[in-house]
Amino acid sequence: MSLFSGLSRPMKAAGLALVGVAVIAAVIGGITLTTGGGDSDTATPPGTTPTTSDGATPPSSPAPGSPSATSPPASSAPPSSAPASSAPPASQPGQTGQPGPGQPGGDQQASHKWVTVRVYNNSLIQGLAEQAAKDFRASGWNVSEVKGYQGKLPETVAYYRPGTDEEAAAKALALEFGFRAEPRFAEIQNIGPGVIVIVTKDYKVNDKTGS
């Protein structure tokens with residue numbers, strides 16, 4: 001006996017339609033269950049570390065703002081300093097070696113010997129000025145004139161014009177040969193440039209060379 005026996009034709013049509021809808025819904029439901037089950041098999045539950053197909057744990061990405069694990073560590077080595085120079089300081093003039101002019105034991109006269117020297121004889125000893133000039137030249141002094149001098153002076157003196165190179169030269173020459181140095185006096189003030197050494201009879205006694 002049919003399920004739709006006793007029903008009118010319209011009712012039978014409606015029943016067939018409902019049955020069709022139910023069959024379609026059942027098919028769709030089966031497909032949904034099948035695909036949903038596959039997805040649930042591959043989904044990763046919350047709190048579980050995902051793994052790759054070979055069982056290895058993939059590396060985790062660093063959190064935003066955190067320092068990279070591969071960034072090189074900051075260098076803690078102190079900056080290298082330049083090696084200190086071991087070269088000895090340059091010696092200052094007069095500190096080592098030969099003492100400079102004006103120092104004990106130094107050649108105090110060497111820097112003044114270019115100054116012209118005039119030698120005058122103020123004694124009765126013949127050739128005394130020539131002997132003195134010979135002694136001065138032997139020591140490197142620049143003797144340019146030798147002659148006699150009329151007058152009477154008590155001792156041998158080197159005369160100079162103050163404030164000129166003659167002053168230092170006269171003092172150096174006098175120190176070397178053992179007599180005094182003084183400024184020029186009026187009678188010889190206008191004689192040409194240079195140190196004027198007026199020798200008297202005491203020069204031979206104080207002669208440096210002993211000749």
Side-chain angles (χ1 to χ4, degrees), residues 72-211:
S75 174
S76 59
S80 61
S81 58
S85 174
S86 59
S91 60
Q92 298 297 324
Q95 290 183 341
T96 59
Q98 296 295 328
Q103 293 182 316
D107 186 0
Q108 302 179 22
Q109 299 83 20
S111 62
H112 308 295
K113 290 184 177 181
W114 62 272
V115 177
T116 298
V117 178
R118 304 173 187 274
V119 185
Y120 298 164
N121 186 1
N122 185 232
S123 73
L124 299 177
I125 303 173
Q126 188 71 24
L128 182 61
E130 286 78 2
Q131 179 62 54
K134 179 181 177 181
D135 297 338
F136 299 161
R137 288 185 178 123
S139 184
W141 290 93
N142 179 27
V143 178
S144 64
E145 183 182 22
V146 179
K147 68 177 185 178
Y149 177 76
Q150 299 297 323
K152 188 173 180 63
L153 299 176
E155 59 183 334
T156 300
V157 177
Y159 295 97
Y160 59 86
R161 292 176 298 175
T164 67
D165 293 328
E166 297 171 9
E167 182 173 357
K171 291 178 179 179
L173 178 62
L175 178 64
E176 183 177 358
F177 286 91
F179 44 79
R180 295 188 302 111
E182 296 179 357
R184 289 188 184 189
F185 53 89
E187 286 77 3
I188 62 174
Q189 189 66 43
N190 296 325
I191 296 177
V195 176
I196 300 175
V197 181
I198 301 180
V199 294
T200 64
K201 61 184 179 179
D202 69 337
Y203 175 77
K204 190 171 184 179
V205 175
N206 296 294
D207 182 7
K208 181 181 178 182
T209 63
S211 58

Exercise. Any side-chain heavy atom of Gln189 within less than 4.5 Å of one from Arg161?
Worked result: yes
Problem set entry | Ile196 and Ile191, any side-chain heavy atoms less than 4.5 Å apart | yes
Exercise. Between the main-chain N or O of Gly194 and the side-chain N or O of Glu166, is there a donor-acceptor pair closer than 3.5 Å?
Worked result: yes
Problem set entry | Shortest non-hydrogen separation from Asn121 to Gly127 and the atoms involved | ND2-N, 4.3 Å
For this session: Tell me, with the steps shown, if Asn142 and Val117 meet side chain to side chain contact (heavy atoms under 4.5 Å, CB included).
Result: CA-CA 6 Å; Asn142 179 27; Val117 178; 5.6 Å; no
For this session: Give the minimum heavy-atom separation between Tyr160 and Glu167, together with the two atoms involved.
Result: CE1-CG, 3.4 Å
For this session: Keeping the roles fixed (side chain from Thr200, backbone from Thr156), state whether a donor-acceptor pair exists under 3.5 Å.
Result: yes
Exercise. Tell me, do Ile198 and Tyr159 make a side-chain contact under 4.5 Å, heavy atoms counted?
Worked result: yes
For this session: Taking the six-membered ring for Trp and the single ring otherwise, decide whether the centroids of Phe177 and Tyr203 are under 6.0 Å apart.
Result: no
Exercise. Distance-only, no hydrogens or angles: does the Arg118 side chain make a donor-acceptor pair with backbone N or O of Pro193 under 3.5 Å?
Worked result: yes
Problem set entry | Beyond-backbone contact of Tyr120 with Glu145, side-chain heavy atoms, under 4.5 angstrom | yes
Exercise. Do Trp114 and Asp165 come within less than 4.5 Å of each other through their side chains, counting heavy atoms only?
Worked result: yes
Exercise. With side chains defined as the heavy atoms from C-beta onward, is the minimum distance between Val199 and Asn122 less than 4.5 Å?
Worked result: no
Exercise. CG of Leu153 to NZ of Lys201: how many Å apart, nearest 0.5 Å?
Worked result: 12.5 Å
Problem set entry | Min side-chain heavy-atom separation Lys113-Phe136 under 4.5 Å | no
Problem set entry | Any donor-acceptor N/O pair, Ser139 side chain to Trp141 backbone, under 3.5 Å | no
Exercise. What pair of heavy atoms forms the shortest contact from Gly192 to Arg184, and how long is it?
Worked result: O-NH2, 2.8 Å
Seminar exercise, completed: All heavy atoms of Ala168 vs all of His112, minimum pair found to be CB-CE1, 3.4 Å
Exercise. With side chains defined as the heavy atoms from C-beta onward, is the minimum distance between Val197 and Leu173 less than 4.5 Å?
Worked result: yes
